Novice: 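Sending over a structure as structure tokens; questions will come in a sec.
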Amino acid sequence: MDYLEGLNEPQREAVLQTEGPLMIIAGAGSGKTRVLTYRIAHLIYHGVDPFNILALTFTNKAAAEMRQRIEKVVGTESRNVWMGTFHSIFARILRIEADKIGYSRDFSIYDTDDSKSLIRSILKELSLDDKIYRVGGVLGRISGAKNRLVSVNEYLRNTTIQADDEANRMPEMGRLYKIYQDRLRKSNAMDFDDLLFNTNVLFRDHVAVLNKYQQKFKYVMVDEFQDTNISQYLITRKLAAVHQNICVVGDDAQSIYAFRGADIQNILNFEKDYPDLKVIKLEQNYRSTQNIVKAANSVINKNKAQLRKNVWTENIEGPLIDLIKASSDNEEGNLIANSIFEEKMNNSLRNSDFAILYRTNAQSRAFEEALRRRNIKYRIIGGVSFYQRKEIKDLIAYLRFTVNQNDEEAFKRIINLPKRGIGESTVAKIVVTADENNINLWEVVSKVQQFMPGRLAAPIDNFSTLIKSFKVIANQKDAFETATHVAKNSGLLKDLHEDKTVEGLARYENVQELLNAIKEFVDNPENEDKTLSSFLQSVSLLTSADDEKDTDTDKITLMTIHAAKGLEFKHVYIVGMEEDLFPSQMMLASRADLEEERRLFYVAITRAEKKLTLAFAETRYKFGRLKTCEPSRFLNEIDPAFIRMDKSLNGREAAAATLVKSMTPRKPTVVPANLHTPSQDFVPSDTSQLTGGMKVEHPKFGFGIVKDVEVQGNDKKARIDFEKVGEKTLLLSFAKLKIHTN
DNA sequence: ATTTATATCTTTTTT
DNA sequence: AGATATAAAT
């Protein structure tokens with residue numbers, strides 16, 4: 001058992017303790033993944049059938065990596081371990097057992113966009129004020145209920161919740177929840193939360209089914225336990241109820257998904273639920289230098305709610321944490337890019353040794369530009385992913401509707417694509433007709449003459465004939481052939497092909513790439529079910545870390561801190577260390593404590609192995625206008641012994657004044673980012689500089705003289721007398737003006 | 001029904 | 001800046 005070599009005492013104990021309930025509290029960088037991997041390998045090595053092992057991870061990517069590592073120890077048998085995210089594993093089970101809870105196995109999975117769109121339609125139908133009932137808020141409320149396993153009926157019955165909603169001026173919330181849920185069911189669709197909620201329902205109402213899986217999963221393991229919600233916890237508890245071999249691994253200090261219903265309380269409850277629980281703490285950090293570990297500890301110790309533990313390391317002291325001050329967000333990008341270039345040369349590192357971590361996806365822009373300019377390769381994880389693109393969602397919607405004709409959201413997306421002369425009002429009418437007659441969407445569409453005779457019947461009829469023809473193909477052919485057929489015959493591909501612009505070409509290629517992905521899916525021997533339906537379910541559960549088919553691995557990684565969980569890099573840059581950004585304004589506004597934000601900072605720091613650099617900007621564009629920023633309070637929370645700061649100053653001032661590290665220090669650029677078309681006659685115009693009497697040119701209205709500039713709150717308006725068209729009032733932030741120099 | 005212009009609003013993290 | 005809603009024009 002050579003895999004036990006090189007494990008420290010608690011690690012080895014965690015691997016060998018295979019029977020009974022076990023909780024592993026694993027500090028950052030303490031070799032948690034290694035333990036989990038060897039633990040599974042150990043089980044298989046000792047004759048446990050991989051079919052009897054369930055391992056729940058946070059991303060599909062983590063599962064795939066773990067599977068590979070186990071395979072190295074025990075061989076291809078490891079492929080049969082059930083390993084994946086909660087959502088993907090239970091979607092798989094729900095697919096098998098769908099009929100027991102009144103779904104068909106081809107149910108659609110709604111992503112957040114679909115859910116929001118559905119809520120938007122419902123709000124419109126009920127003519128509720130969407131200023132009060134904000135789509136995101138309504139969905140959040142419903143999601144919160146589902147994560148706590150509060151059903152529609154319980155929601156409506158619960159007086160506390162009702163009072164709460166009324167206090168928030170949303171008395172109809174319960175009704176919305178009910179209608180939303182009815183509509184999902186009618187669409188034969190589940191949203192993300194339903195996958196967990198319905199699994200709970202399945203296991204509650206169908207003892208035989210529960211027994212089946214209890215027998216199957218003799219060993220249950222949960223990674224990132226601190227980020228599970230009640231709904232997830234109850235599923236695992238039920239599954240492990242017979243054999244009691246449940247092992248959870250987590251770190252309360254790294255709980256960063258409370259906004260999604262994650263509950264650290266689960267860790268505390270776990271001890272109550274399993275009185276003979278064994279707890280093992282992994283506290284030795286193998287990842288980072290002393291300075292990084294100590295700096296991280298100094299930060300997390302500011303939190304009150306935490307299980308005390310002592311993360312320590314034998315690693316070298318390492319360099320101090322650097323702090324970079326930039327005058328603007330663009331300069332921040334430049335300075336970081338320069339720093340990476342320099343570090344890479346000095347220490348002969350590869351691009352893949354670096355990561356840039358930020359709080360929000362929107363921050364990536366400045367870094368992308370700076371890196372591109374320097375020809376440094378990078379990859380962005382998350383953000384607008386491949387599967388979020390319009391052309392991809394369009395084709396997927398077609399495929400979804402081919403598989404499930406009651407998928408309302410897919411229907412809305414494709415009914416007028418390509419244009420069939422069926423507008424918004426017609427779509428609403430179809431949905432309402434289905435609702436009034438208490439029939440499914442597809443009934444109305446396929447028998448349109450009967451329900452909605454008239455001018456629009458013909459195009460709708462054509463549409464349903466088209467879908468029927470797709471369905472015939474889907475029943476005979478595999479996912480790839482069906483998808484290719486649909487792409488060609490729906491007219492989508494033709495539309496894109498005719499678009500000869502650069503973007504159009506890219507979109508066409510994206511669709512081709514989707515078809516390639518489907519081909520790969522079909523060709524992959526690990527996928528037993530090669531139907532379109534199976535492909536669609538796997539695709540809708542990809543995590544942001546997953547959808548990456550990038551063969552070139554030597555790239556700098558750019559991502560949010562959330563996406564960085566579980567990863568490590570030699571050199572980490574945490575950027576945007578500014579008040580209102582990190583900690584985020586929303587966290588500051590809601591008077592909740594900043595503990596989760598602080599844990600997020602802790603997670604970010606502990607990603608670094610050798611060197612950590614923090615950066616902040618003094619000014620930043622927000623909603624198109626320049627704002628001054630204050631350095632983050634978190635900078636002051638790092639023990640100054642571990643960070644390179646200017647000692648002559650105190651507190652936040654010190655942070656602000658600290659050395660600016662750069663090969664080529666440069667002035668911040670003053671040219672506005674949006675307008676640069678330098679020519680002989682025109683200068684790039686910062687329209688905010690516009691004053692009366694200036695000669696300007698507008699792309700449509702031609703030349704004109706500015707008569708008046710008026711400041712209106714945050715915006716400016718200009719009255720301009722154009723030679724050709726006379727006087728116009730333009731909003732400056734939108735006016736595509738050029739200022740004439742002469 | 002669809003396109004185009006203009007006004008208004010946005011304010012995190014993700015399965 | 002970018003997305004989305006509304007109004008007006010085609």
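Side chains are part of it too, since the values below use all heavy atoms of this structure and drop only hydrogens, waters and symmetry mates. Throughout, protein chains are lettered first and strands after them, A, B, ... in sequence-line order, and every chain is numbered starting at 1. Computed from a prediction, not measured in an experiment: that's the story for all the values here.
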Novice: State which residue, out of A:Lys393, A:Lys390, A:Arg413, fulfils the salt bridge (Lys or Arg N to Asp or Glu O under 4.0 Å) condition with A:Asp113.
Specialist: A:Lys393
Novice: What is the distance from NZ of A:Lys622 to C1' of C:dA1, rounded to the nearest Å?
Specialist: 13 Å
Novice: Give A:Thr426 one of three labels, base, sugar-phosphate or nothing, depending on what nucleic acid heavy atoms sit under 4.0 Å from its own.
Specialist: sugar-phosphate
Novice: Within the modelled atom types, does a donor on one side and an acceptor on the other bring the side chain of A:Thr112 and the base of B:dT15 under 3.5 Å apart?
Specialist: yes
Novice: Expressed as a whole number of angstroms, how long is the span from A:Asn416:CG to B:dA1:P?
Specialist: 9 Å
Novice: So which one's nearest nucleotide on DNA chain B is more toward 5', A:Arg134 or A:Asn361?
Specialist: A:Arg134
Novice: Using heavy atoms to find the nearest nucleotide of DNA chain B for A:Tyr257 and A:Arg420 separately, return the residue whose nucleotide is more 5′.
Specialist: A:Arg420
Novice: How long is the straight-line distance from CZ of A:Phe616 back to CZ of A:Phe582, given to the nearest 0.5 Å?
Specialist: 15.0 Å
Novice: Could you check which of B:dT13, B:dT14, B:dT10 has an atom nearest any side-chain atom of A:Arg260?
Specialist: B:dT14
Novice: With a 4.5 Å heavy-atom cut-off, do A:Thr33 and A:Leu36 have their side chains touching?
Specialist: no
Novice: B:dT13 P sits how many Å from A:Leu357 CG, rounded?
Specialist: 14 Å
Novice: Whole angstroms only, please: what is the CZ-P distance between A:Arg625 and B:dT8?
Specialist: 14 Å
Novice: B:dT11 P sits how many Å from A:Tyr621 OH, rounded?
Specialist: 22 Å
Novice: Could you tell me whether A:Glu369 and A:Arg365 make a salt bridge, using a distance below 4.0 angstrom between a side-chain N and a carboxylate O?
Specialist: yes
Novice: From CD1 of A:Ile109 over to P of B:dT15, roughly how many Å is that when rounded to an integer?
Specialist: 14 Å
Novice: In this structure, how many angstroms lie between the P atom of B:dT15 and the OH atom of A:Tyr387, rounded?
Specialist: 14 Å
Novice: Determine, answering yes or no, if A:Phe86 is stacked on B:dT15 under the 5.5 Å centre rule and the 30° plane rule.
Specialist: no
Novice: Ignoring backbone atoms, establish whether A:Thr560 has a side-chain N or O less than 4.0 Å from OP1 or OP2 of B:dT12.
Specialist: no
Novice: From CG of A:Leu594 over to C1' of B:dT13, roughly how many Å is that when rounded to an integer?
Specialist: 15 Å
Novice: Just N and O in the side chain of A:Ser584: are any of them under 4.0 Å from OP1 or OP2 of B:dT13?
Specialist: no
Novice: Mind checking the P distance from B:dT13 to C:dT4? Whole angstroms is fine.
Specialist: 15 Å
Novice: What I want to find out is whether A:Glu597 reaches A:Arg359 closely enough, with some N-O distance under 4.0 Å, to be called a salt bridge.
Specialist: yes
Novice: Look at the side-chain N and O atoms of A:Asn60 and state whether any lies under 4.0 Å from the OP1 or OP2 oxygen of B:dT15.
Specialist: no
Novice: For the side chain of A:Ser425, starting at C-beta, report the closest nucleotide among B:dA1, B:dT15, B:dT12.
Specialist: B:dA1
